[in-house]
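Residues take their numbers from the sequence shown, with the count starting at 1. Since this is a predicted model, take the numbers as computed values, not measurements. Remember, it's 1-based here, ligands and their atoms both numbered in the order they're listed.
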Amino acid sequence: MGRMRGTHERPAGLTYQPELVSDDEERSLLTALAAYDFHEVRMHGQIARRTVRHFGFDYDYGSFQLTETEALPVELREVRERCAGLAGMPAATLAQALVTRYPPGSVIGWHRDAPAFGPTVVGLSLGSTCLLRFQRGRADERRVYEVELAPRSAYVLAGAARSAWRHSIPSVPELRHSITFRQLRGS
Ligand SMILES: O=C(O)CCC(=O)C(=O)O
Ligand SMILES: [Fe+2]
């Protein structure tokens, strides 16, 4: 399992589903996404190489505030249905969609998703394969895990995978897009 050091343990609450969308669906989603206007992510004064577009609710990385924004575009409705089905929840509760564009060599560093979001996160991968890494605990308690995210696959982070483990994506080899759906806390 890659270069991760520590005791390997699969995070409880992690679900991985290959081929959530077909080749044709992936192609048309990528065509739609190519026309989106992506925005920079500035965290702690640093501009990340990945860029993002929010629908439903906008998340401000500086103030941690959520504000209502443009509704989910029609071309993302079917994937939201499918992601909701995978997570066993009604599509409407996935109130926020985050589309992330990862150019080759870009990453997302270690984090837990913001507490402003609910207990379940569902992510769809398009384009490049990448790794999704997990870690929790320190020293003797350190636990690690990684899963390869194939194009067209989806994952669910619920339970401990969402709340106790941190996750990251190391340098993506090729252009990758992800569509991440989240609930608002309390919904
Ligand atoms: O790109 C992904 O699949 C994961 C993104 C992520 O972890 C996040 O936006 O919080
Ligand atoms: Fe995340």
Side-chain angles (χ1 to χ4, degrees), residues 2 4 11-21 26 29-30 33 36 38-44 46-62 64-66 69 72 76 79-80 82-84 86-87 94-136 144-185:
M4 294 199 77
L14 167 66
T15 303
Y16 175 73
Q17 175 64 57
E19 305 293 341
L20 190 79
V21 298
E26 180 186 36
L29 284 165
L30 286 172
L33 267 46
Y36 289 3
F38 286 86
H39 307 305
E40 68 181 23
V41 178
R42 187 186 287 267
M43 284 178 92
H44 316 297
Q46 292 258 49
I47 298 174
R49 290 191 55 202
R50 69 180 191 283
T51 51
V52 296
R53 180 69 188 269
H54 290 95
F55 296 104
F57 287 82
D58 222 327
Y59 181 68
D60 186 310
Y61 294 87
F64 315 115
Q65 294 298 308
L66 284 166
T69 185
L72 191 76
L76 299 187
V79 280
R80 180 170 75 160
R82 242 174 275 168
C83 285
L86 180 65
L94 295 175
Q96 196 219 33
L98 165 65
V99 184
T100 306
R101 180 181 186 278
Y102 294 87
S106 63
V107 305
I108 186 165
W110 288 109
H111 68 283
R112 259 184 230 105
D113 286 18
F117 300 110
T120 307
V121 174
V122 194
L124 174 70
S125 296
L126 305 168
S128 181
T129 297
C130 70
L131 291 172
L132 178 61
R133 289 186 165 156
F134 293 87
Q135 65 169 318
R136 74 178 167 91
V144 299
Y145 193 74
E146 72 186 15
V147 56
E148 186 175 86
L149 302 179
R152 302 175 297 284
S153 71
Y155 59 83
V156 180
L157 302 185
R162 160 75 172 96
S163 59
W165 293 73
R166 291 187 297 145
H167 57 274
S168 68
I169 292 176
S171 178
V172 303
E174 314 274 352
L175 178 65
R176 171 176 185 262
H177 287 81
S178 64
I179 307 175
T180 314
F181 294 99
R182 296 185 177 88
Q183 308 152 280
L184 302 190
R185 189 169 51 187

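Between Trp165 and Phe134, the two ring planes are perpendicular [angle over 60°; tilted spans 30° to 60°].
Legend: residues meeting salt bridge (charged side-chain N to carboxylate O under 4.0 Å, His left out) with Arg82, ordered by chain and number and at least two apart, are Glu25, Glu78. Judged as a ring-ring contact (aromatic ring centres under 6.0 Å, His included), and not counting sequence neighbours, Phe57 has no contacts.
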* To do: Would you please test Leu76 and Ile179 for side-chain contact (heavy atoms from CB on, under 4.5 Å) and show each step?
  => CA-CA 9 Å; Leu76 299 187; Ile179 307 175; 3.9 Å; yes
* **Verdict with reasoning, Trp110 to Ile169, per side-chain contact (heavy atoms from CB on, under 4.5 Å)** => CA-CA 8 Å; Trp110 288 109; Ile169 292 176; over 6 Å; no
* Passes side-chain contact (heavy atoms from CB on, under 4.5 Å), Phe55 versus Gln96? Steps please. -> CA-CA 6 Å; Phe55 296 104; Gln96 196 219 33; over 6 Å; no
* To do: Applying side-chain contact (heavy atoms from CB on, under 4.5 Å), run through Val107 and Arg50 and close with a yes or a no.
  => CA-CA 7 Å; Val107 305; Arg50 69 180 191 283; 5.6 Å; no
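Salt bridge status for Glu40 with Arg42: present, with a side-chain N to carboxylate O gap under 4.0 Å.
The distance cut-off of 2.8 Å around the Fe ion (ligand 2) captures these protein N, O or S atoms, sorted by chain and number: His111 NE2, Asp113 OD1, His167 NE2.
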N/O contact list for ligand 1, threshold under 3.5 Å:
from     : atom 1 : to     : atom 2 : distance (Å)
ligand 1 : 1 (O)  : Tyr102 : OH     : 2.6
ligand 1 : 1 (O)  : Arg176 : NH1    : 2.9
ligand 1 : 1 (O)  : Ser178 : OG     : 2.8
ligand 1 : 3 (O)  : Tyr155 : OH     : 2.7
ligand 1 : 3 (O)  : Arg176 : NH2    : 3.0
ligand 1 : 7 (O)  : His111 : NE2    : 3.1
ligand 1 : 7 (O)  : His167 : NE2    : 3.0
ligand 1 : 9 (O)  : Arg182 : NH2    : 3.3
ligand 1 : 10 (O) : His111 : NE2    : 3.0
ligand 1 : 10 (O) : Asp113 : OD1    : 3.1
ligand 1 : 10 (O) : Arg182 : NH2    : 2.9

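For the pair Tyr155/Val122, no side-chain contact is recorded, criterion being any heavy-atom separation below 4.5 Å from C-beta on.
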